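Remember, it's a predicted structure, so these values are computed and weren't measured experimentally.
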Amino acid sequence: NQQVLTKQETIRLRKRHVGESCKLFFRADPLKIIRAEGQYMFDEEGRKYLDCINNVAHVGHCHPGVVKAACTQLALLNTNNRFLHDNLVLCARKLASLLPDPLSVCFFVNSGSEANDLALRLARVHTGNDDVITQDHAYHGHLSSLIDISPYKFRQFGLSAKKDWVHVAPCPDVYRGKYTADNYPNEHLGVKYAQDVQDLIEAMAKEGRKPCAFFAESLQSCGGQIIPPANYLRTVYQYVRAAGGVCVADEVQVGFGRVGTHWWAFQLQGDDIIPDIVTVGKPMGNGHPVAAVITTKEIAKSFQDTGVEYFNTYGGNPVSCAVANTVMEILEKENLREHALVVGNQLLEGLTGLKDKYPMIGDVRGVGLFVGVELVTCRRQKTPATSEAQHIITRLKQEQILVSSDGPDRNVLKFKPPMVFSKENVHQVITALENVLDELLSESQIKKLKVADDEEHIISENNNRS
Ligand code: PMP
C-alpha cells in the first residue's frame, strides 16, 4: 500500500503546512493520486483516470525504461557537473542534433523557469539591451524575472504591474485575438500580428529603448492552445533581429515531438525559422526535474566573455541526464512523434465532429497531441463559456477523464496527454464529452450549473485567479 496517510489526513496536513497559494486541481474535491502508468493515473481507492493533463509524463507515466535509467544511475553516481561525465555530454550532443544549426551549445538547469531566466540573461549580455518583447497571456515561469515578462501572471497584480522594460505584443490568436479571419478576411494575419511587434519596436526606439529579446512560446499554451498564423515568426524574427534583439523560443511545454510533424513547435512555421535561444524542460525528464537552454556559439561566447562563471548545483547531474537521454531514446524507438500525429489527428477529427453538433464549441484547434477546444455561449459574439467549461471538467472527472482548462477566460479545454495516448482513449474522450454536452443542452441543467460551479472551482495549470 503506497498510502501512509488517509486522504483526509493528507488534506489536513496540507492545509496546515503547505502554502495556500499552491493550488490543487479540482479544489472542491482534490484527487489523491498514488500511482500512474502510461496514460493512466490511479487514486487511493484504485480508481483509474485517463490523464489528458500531464504533458510532463511525456513517454508515459513511470515508463519502465526511464525508471530503470534513473535507478541505475542513482545507484552508481549522482553529483554536480564539475566533473566530467558521459551522460551530460551525450545529452548535449543529442539535443544539438535535434535542433537546427547553429543551435549547438547547451546549459543544463532544473526547471523551465530556470531555463527561461538564463535565456533572459544570455539575451541581455549578448545584445547589451535590456527590454523584452513578450506576448499577451504568455507564461514563462515562476521566478521574479519571468513573472515580469508573463502577462498571464502580472496582469493579476493590476495594470501598473507591467515594468517599463517589458513590451506586450498581442497574442497571435486568430480565433479571439486582435486580428481574426472574421474581421480581416483578406489579410495576412501572421504579417499583421508581426506588424504590431514592429510598431512596439518603433515606439521603444522613440524612447531610446532597444529589445534584448522577443520571448515567445512556439504555441501558446496557458494562453489557450494558440497556434500562430503562417509567417508570424518569420516576420517577427526579421523585425526583432533588425532592432538588435535575439529570438527566444520557449519550448518548455510544446517541445520534444508533441506537435507530431516536428521535434520542435517553432519548426511548424518553416524550416528557415531558427531561434537564437531555445528553452526546454517539462517533457525532457518525464517527471524528473531537468531542463536546458540551447543557444549559438556566439551567444555562449558573449556570456563567457563576462568572466562570470555559470554554476548550477543540480543542473546536468548524471541522473537527470540519464533520464533525459532515455526519454529522447524512447521517443525515437517507440515512434511516439509519429504516433502523436496520428492519434492527435483522430482527436481533432472527433472534436471537430462534435463542433458540428454542439454550438457551444466555438473552435477546435491543435497540432499533434496539443489540442484546444474553445467553448462559447454565443458563437457569433464568441462569449466565453467559462462556467460551462468548468462544469464539463467536473463531469469528465466523474467519468474518470482528467482535463484542464486555460486561456484568459478559462474557457479552453486543453488536451496535452502523455504521448502514448491511444485511439481507444480518443474514443473514450469523444464519447464522454458528447454525453456531457448532451446533458448541457437541457435547459434545467444550465440553470443548475451556476450554483454547482461556484463551489467547484477548478484551476488551470499555472493559474490561481479562480
Ligand atoms: N514556460 C512555459 C511555457 C511553461 O508552461 C512553464 C510551466 N508551465 C514554464 C516555462 C516554467 O516551467 P517550470 O514550472 O518547470 O519552472
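In this structure, N81 has no side chain to side chain donor-acceptor pair (under 3.5 Å) partners at least two apart in sequence or on a different chain.
Taking the ring axis of F26 as reference, the NZ or CZ atom of K397 stays within 45° of it and closer than 6.0 Å to the ring centre. Relative to the ring axis of F311, R82 places its NZ or CZ within 45° and under 6.0 Å from the centre. Figure legend: cation-pi geometry between K192 and Y179, with NZ or CZ positioned under 6.0 Å from the six-membered ring centre and within 45° of its axis.
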Problem - Stepwise salt bridge (charged side-chain N to carboxylate O under 4.0 Å, His left out) test for D173 and K178 - result: CA-CA 7 Å; D173 172 356; K178 184 172 174 188; over 6 Å; no
Practice task
Check the pair D130 / R124 against salt bridge (charged side-chain N to carboxylate O under 4.0 Å, His left out), numbers first and verdict last.
Solution key: CA-CA 6 Å; D130 263 343; R124 286 194 165 133; 3.5 Å; yes
Practice task
Step by step, work out the side-chain hydrogen bond (donor to acceptor under 3.5 Å, both in side chains) result for Y40 and N425.
Solution key: CA-CA 10 Å; Y40 302 104; N425 298 147; 2.9 Å; yes
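Atom-to-atom distance recorded for C222:SG and K153:NZ is 8.0 Å, nearest 0.5 angstrom. Interatomic distance, CD1 of I392 versus CG of L375, reported as 5.0 Å (0.5 Å rounding). Expressed to the nearest 0.5 Å, how far OG of S218 lies from CD of Q269 amounts to 8.5 Å. We find the OH-CD distance between Y175 and Q225 to be 15.0 Å, quoted to the nearest 0.5 Å. Distance check, rounded to the nearest 0.5 Å: CG of N231 to CD of Q238 gives 9.0 Å. In this structure, CG on L336 lies 8.0 Å from CD1 on I330, to the nearest 0.5 angstrom.
D409 and T386 share no side-chain donor-acceptor pair at under 3.5 Å. With 3.5 Å as the limit, one finds no donor-acceptor pair spanning the side chains of S221 and K416. Donor-acceptor pairing under 3.5 Å is recorded for the side chains of Q253 and N55. Residues D51 and H61 have side chains that bring a donor and an acceptor to within less than 3.5 angstrom of each other. A donor-acceptor pair shorter than 3.5 Å can be found between the side chains of Q195 and D199. Judged by distance alone, the side chains of S145 and D148 never bring a donor and an acceptor atom under 3.5 Å apart. For the 3.5 Å distance criterion, the side chains of N317 and N80 fail to qualify, holding no donor opposite an acceptor. For the 3.5 Å distance criterion, the side chains of T134 and H167 fail to qualify, holding no donor opposite an acceptor.
Within the 3.5 Å criterion, the main-chain N or O of Y152 finds a donor-acceptor partner in the side chain of Q156. At distances below 3.5 Å, not a single donor-acceptor pair connects side-chain atoms of R379 with backbone N or O atoms of M360. Checking side-chain atoms of H58 against main-chain N and O of F256 turns up a donor-acceptor pair under 3.5 Å.
Checked for salt-bridge contact, R258 and E251 miss the test: no charged N lies under 4.0 Å from a carboxylate O. Taking 4.0 Å as the cut-off between side-chain N and carboxylate O, D276 and R241 count as a salt-bridged pair. Using a cut-off of 4.0 Å between Lys/Arg side-chain N and Asp/Glu carboxylate O, D164 and R209 are scored as salt-bridged. Using a 4.0 Å cut-off between charged side-chain N and carboxylate O, E374 and K382 make no salt bridge.
Annotation for V323 and G285: closest pair CG1-O, 3.3 Å, computed over non-hydrogen atoms.
Legend: side chain to side chain donor-acceptor pair (under 3.5 Å) pairs involving residues 94-105, not counting sequence neighbours, sorted by first then second residue: K94-E332.
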